[in-house]
Amino acid sequence: MVNITIDGKQVSVPEGTTVLRAAENAGVVIPTLCDHKELAPYGGCRLCLVEVEGARTLQPSCTLPVTPNMVIHTATDKVKEARKFVLSLIFSERNHFCMFCQVSGGDCELQNSAYAEGMTHWPLQPNYTPFTVDASHPYFVIDNNRCILCRRCVRACGELIGNFTLGIEERGANSYLVADLGGPIGESTCVSCGTCVQVCPTGAIIDRQSAYNGREKDTTKVKTICTRCSIGCGMEVLTRDNRVVRIDGDWEASINHGLLCSIGRFEPLINDKERIPTALVAGTNGQKASTLDGAVKEAVSLIQTAEPAAALITDNASLEELSLFSQLFGGNSKVKTGVLGGNGFLQMEENVTFTSESSLSAVTNCDVVILIGADLAANHQVAGFMVKRQLPTGSKMIMLSDAKNGFSANADAVLDTSKGLELALKELIHGIKDESASPAKYLVNAKSVGIIVGETAGSGDFSVQSGLIKDLSETLVKSGKATYILSLKGGANGSALRQFGLNHSMDLNGVKTVILFQGEDTVDQKMIQKLNSIPNLVVIGSYNSNLAARAKVVIPASTWWETSGTYMNIEKKLQESQLITRSTDDIISMQDTLSIFGKHLGIELNADWQKRLISTTGRS
Amino acid sequence: MSKPKVSSDWLAGCAGCHMSLLDMDERILQVLELAELRSTPITDFKEPDVTGVDVGVLEGGISNTYNEEVAHKMRSRCKTLVALGDCAVFGGIPAMRNFFTIEEALRRAYVETPSTDESGKIPSDPELAVPTKVRALSEIVPVDVFVPGCPPDADVIFYVLSELAQGRKPELKDELLHWH
C-alpha cells in the first residue's frame with residue numbers, strides 16, 4: 001500500500017493505482033473527459049491535471065501512478081486555471097455550439113465540465129473547419145465536428161469489443177474518426193454493438209432512435225436484463241411516456257460489465273413486426289376476435305378432443321412461465337412437452353454433467369480458448385467480444401466449427417466439423433497427447449484453457465460428443481493446465497430448462513394439436529415445416545406470422561419489457577427482468593395465459609417456482 | 001441618487017432573448033423600479049443616449065458591418081456591456097454559416113431556396129451593410145458580463161439586470177448557468 005495526501009486527506013491505496021482512482025477513493029472529484037472506468041488510462045484530454053508537490057508542471061492524474069508520500073492538490077487556482085484553459089482549447093477546436101446539439105442540456109460531459117468550472121464563454125473562437133459527418137450506419141451517426149478526440153470510442157472498440165473498427169486518421173487538429181481504412185461506417189467491419197455510442201462524452205456519436213427524443217433527464221431509467229440469449233446481460237432502459245427511447249449497457253452488471261450486442265441494444269427499438277392485438281378463434285369464416293378466456297377455453301377443448309397433443313414453449317420464457325408450463329403439461333401423459341428453439345445441445349447437457357462450469361470471465365480470460373460448435377458472431381455475441389478482446393494480448397483461439405461459422409475469421413486454428421464433431425474432437429485430443437500436431441501446438445505452452453461449448457455442438461450423437469468433451473477437459477487437466485468449461489445455453493432461460501424437465505427432444509409425428517407458447521421468439525424453417533402438418537395449432541405469441549394466420553386459436557402475448565420475470569443467466573445466477581412499458585389490456589403475459597389454462601384444465605397451479613428449481617448459483 | 005440607465009439592442013439574433021426578457025412578466029416592474037429603461041429595439045428610442053448609459057445589453061452575434069457599428073456605438077456609450085444569449089456570447093446559430101463561404105451562404109439564401117424563383121439575385125446595393133464571418137460580440141468589443149443561454153431564462157435575465165441595477169457584477173453559476 002502507498003500512502004498519499006490528496007487535498008489534505010490521507011489515503012492509502014495499492015501500488016500502481018493512478019492518482020485519479022486514488023482521488024475517487026478519497027471522495028475527491030477530479031473532472032475528466034477521456035477517462036472511462038472500463039478503459040485503460042489514456043491521458044488525452046488533460047482535463048484531469050493536478051498539482052503535485054515537487055513536480056515542475058501540472059500532471060495528468062489519470063495516467064500518473066501514486067508514489068509514496070505524494071502530496072496532491074486538485075483545487076488550487078493554478079489547477080482551475082489550467083482546466084478552463086483546456087476546456088477553452090477543446091471548445092475552440094470544432095463545432096461545439098450547444099444550441100444545435102442533440103446531447104445539450106445534461107447529457108453532454110463536455111458541457112457539464114464547462115458548467116462545473118463556471119465558464120460563461122470561450123476566450124478563443126473556433127476556426128470553423130468543417131469535418132465529415134458519417135450517417136451511413138443504420139443505428140447511429142458519427143459527427144466529427146462534435147468530436148473532442150478523446151478516443152473513448154476507439155479504445156472501447158478495441159479494448160472492450162476486440163473489433164478494432166474505429167480509428168483516427170490524420171494528426172493533431174486535423175485528426176478525425178474513421179472506420180477501418182476510411183470507408184463509411186455502415187459498410188465497415190462494425191458489429192453494431194453500440195459501445196462507442198454509449199461511451200462518447202459529447203454529441204459526436206449519437207444514437208438515431210433516441211436522438212431528438214428529449215433529454216436524458218426527462219427519461220425514466222430502469223435497470224433490467226436482456227432476455228435475448230442465455231448470457232443475461234444487464235442493461236439500463238430509458239423510457240419516456242411509456243415508450244422505450246434508448247437501451248444502454250449496465251456498467252455495474254457483473255456478467256457483461258456494460259457490453260451489449262446489437263440484438264440487445266438496437267434491435268428491440270427498430271422492431272417493426274406487426275403485433276397480435278387481440279385473441280382470435282377460427283370459425284367457419286376464418287379467425288374472429290374473442291375474449292382471452294374464450295380463446296383459452298377453445299384451446300383446452302382442442303387438447304382434450306384432438307389427441308394426442310403437444311405443448312411447446314420458447315426458451316426465452318421466464319422461470320415463472322416455465323414452472324407453470326411444466327405443471328400444466330408435464331404430468332399429462334396425453335400431452336408431449338418440448339422447447340421451441342430446443343436443439344441438440346439441450347440433450348447433450350443432459351449427458352454431460354458440467355458440474356465444474358466456470359464463469360464467463362474465467363472461461364474467456366485464458367491463454368487458449370477452445371470454441372466447440374459456437375458461432376459467437378451470430379449468437380451470444382457478448383461472449384464473443386470477451387474472447388476476441390483477449391486475442392491481441394497473445395491469447396489463442398481454436399475453433400471446432402463448420403465453414404458457415406462467422407466467428408472463424410478470428411481463430412488461430414479451425415478444425416472442420418463438417419464430417420462430424422466427434423472426429424474434430426478426437427483430432428484435438430490426439431494432438432494434445434502428441435504435443436506436436438496442429439492446432440494442439442497452441443496448447444503446449446498454455447497455462448489456462450477455456451472451453452466454450454456452443455449451441456450447434458449437439459447435432460450428432462450427444463453421448464459420444466459429450467464424452468469426448470469430457471475427455472478433452474480431463475486431458476487438459478492431466479497436462480497441468482487450469483481448465484475452465486462453460487456451455488452456452490441457447491435462449492434466455494436455457495440454463496433452467498433441464499431443471500423443469502424440458503430439455504428432451506420431442507417427436508411431433510402423429511400429433512394432432514400443438515399449443516405453441518411462442519412469445520416473441522421466431523420459429524425456424526425446420527420447425528415451421530413440422531408444424532405445417534399439424535391440423536390444430538394454438539399460437540400464444542407477440543407478433544403476427546404465417547403460423548398465427550393458420551392457427552385455430554391465437555392468443556396475444558406481451559413482450560419482455562411489458563412484463564416482469566425471473567431468468568437464470570449463463571452462470572446459473574437468478575436475475576430479474578423488469579416491467580418497462582405497459583401493453584394494452586387485451587395483451588397479457590404468457591404467465592397470465594398459463595394461469596387461465598390452469599383454470600380450464602382444472603389443474604391447481606403453484607406459483608412458487610423456486611421450490612421446483614434444483615440448483616442455482618445464487619442471485620446476481 | 002438617480003436610477004441607473006439601461007439600453008439594449010439586437011444584432012444577428014432571433015429576438016428570442018428579448019422575448020425571454022419579457023417572459024419575466026410582472027417582475028419587469030421590479031427591474032423598472034431599480035433601473036431606467038432608455039432605448040430598446042421594442043420601444044420608441046432606438047439608440048442609447050449620447051450622454052451615455054450605465055448598462056448596455058446586446059443580443060445576437062456580429063454578422064455584418066452594420067452590427068459592428070451598433071456594437072461599437074453601444075460600447076462607447078455604456079459603462080457595463082452585457083452579451084445576452086448564445087449568439088452574442090459565442091456566435092450562436094448564425095455562426096453555422098461560418099462553415100461555408102459568404103458567397104455560398106448568400107447564394108443559398110437568395111438563389112437556391114425552394115421559395116426563390118430563377119430570377120433570384122443576391123442584393124448588391126452599395127448602401128447595404130457588408131456581410132462578414134459571424135463573430136461573438138467579444139471579438140469586436142470588450143464585454144463585461146456574459147449571459148449564455150438559448151435563450152437565457154427569464155430568471156437568469158432578471159437576476160443579471162437586478163444585480164447590475166444594484167451596482168453588483170452578476171456571477172452566473174450552477175442553476176443559472178446554461179448554454180442551451
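It should be emphasised that the depicted structure is a prediction, and the values quoted were computed from it without experimental measurement. Just so we're on the same page: letters track the sequence lines, and every chain starts at 1. No hydrogens, no waters, no symmetry mates; every other heavy atom, side chains included, goes into these values.
- For A:Lys80, the NZ atom is loosely surrounded, since the number of other residues' heavy atoms within 6.0 Å does not exceed 12.
- Aromatic pair B:Phe146/A:Trp122: ring centres not closer than 6.0 Å.
- Centroid-to-centroid, the aromatic rings of A:Phe97 and B:Trp179 stay 6.0 Å apart or farther.
- Using a 4.5 Å cut-off between heavy atoms, A:Asn95 contacts chain B through both its backbone and its side chain.
- Other residues, nucleotides and ligands contribute only 12 or fewer heavy atoms inside 6.0 Å of the CZ atom of A:Arg171.
- A:Thr120 contributes atom OG1, which lies 12.5 Å from atom CG of B:Leu176 (distance to the nearest 0.5 angstrom).
- Heavy-atom distances place no part of B:Ala83 under 4.5 Å from chain A, backbone and side chain included.
- The NE2 atom of B:His180 lies 11.5 Å from the SG atom of A:Cys101; values are rounded to the nearest 0.5 Å.
- Shown here is B:Asp44, whose CG atom has no more than 12 heavy atoms of other residues, nucleotides or ligands within 6.0 Å.
- Other residues, nucleotides and ligands contribute over 12 non-hydrogen atoms within 6.0 Å of the CD atom of B:Glu139.
- The shortest side-chain heavy-atom distance between A:Gln125 and B:Arg135 does not fall under the 4.5 Å cut-off.
- Other residues, nucleotides and ligands place no more than 12 heavy atoms under 6.0 Å from the CG atom of A:Leu181.
- Within 6.0 Å of the NZ atom in B:Lys46, the count of heavy atoms belonging to other residues, nucleotides or ligands exceeds 12.
- If you take CZ on B:Phe100 and OH on A:Tyr128, they are separated by 13.0 Å, rounding to the nearest 0.5 Å.
- With respect to chain A, the highest number of heavy-atom pairs below 4.5 Å among B:Cys150, B:Gly92, B:Ser138 belongs to B:Gly92.
- Taking CG from B:Leu177 and CD from A:Gln111, the interatomic distance works out to 9.0 Å, rounded to the nearest 0.5 Å.
- Counting heavy-atom neighbours within 6.0 Å of B:Lys79 NZ, excluding the residue itself, gives a total of 12 or less.
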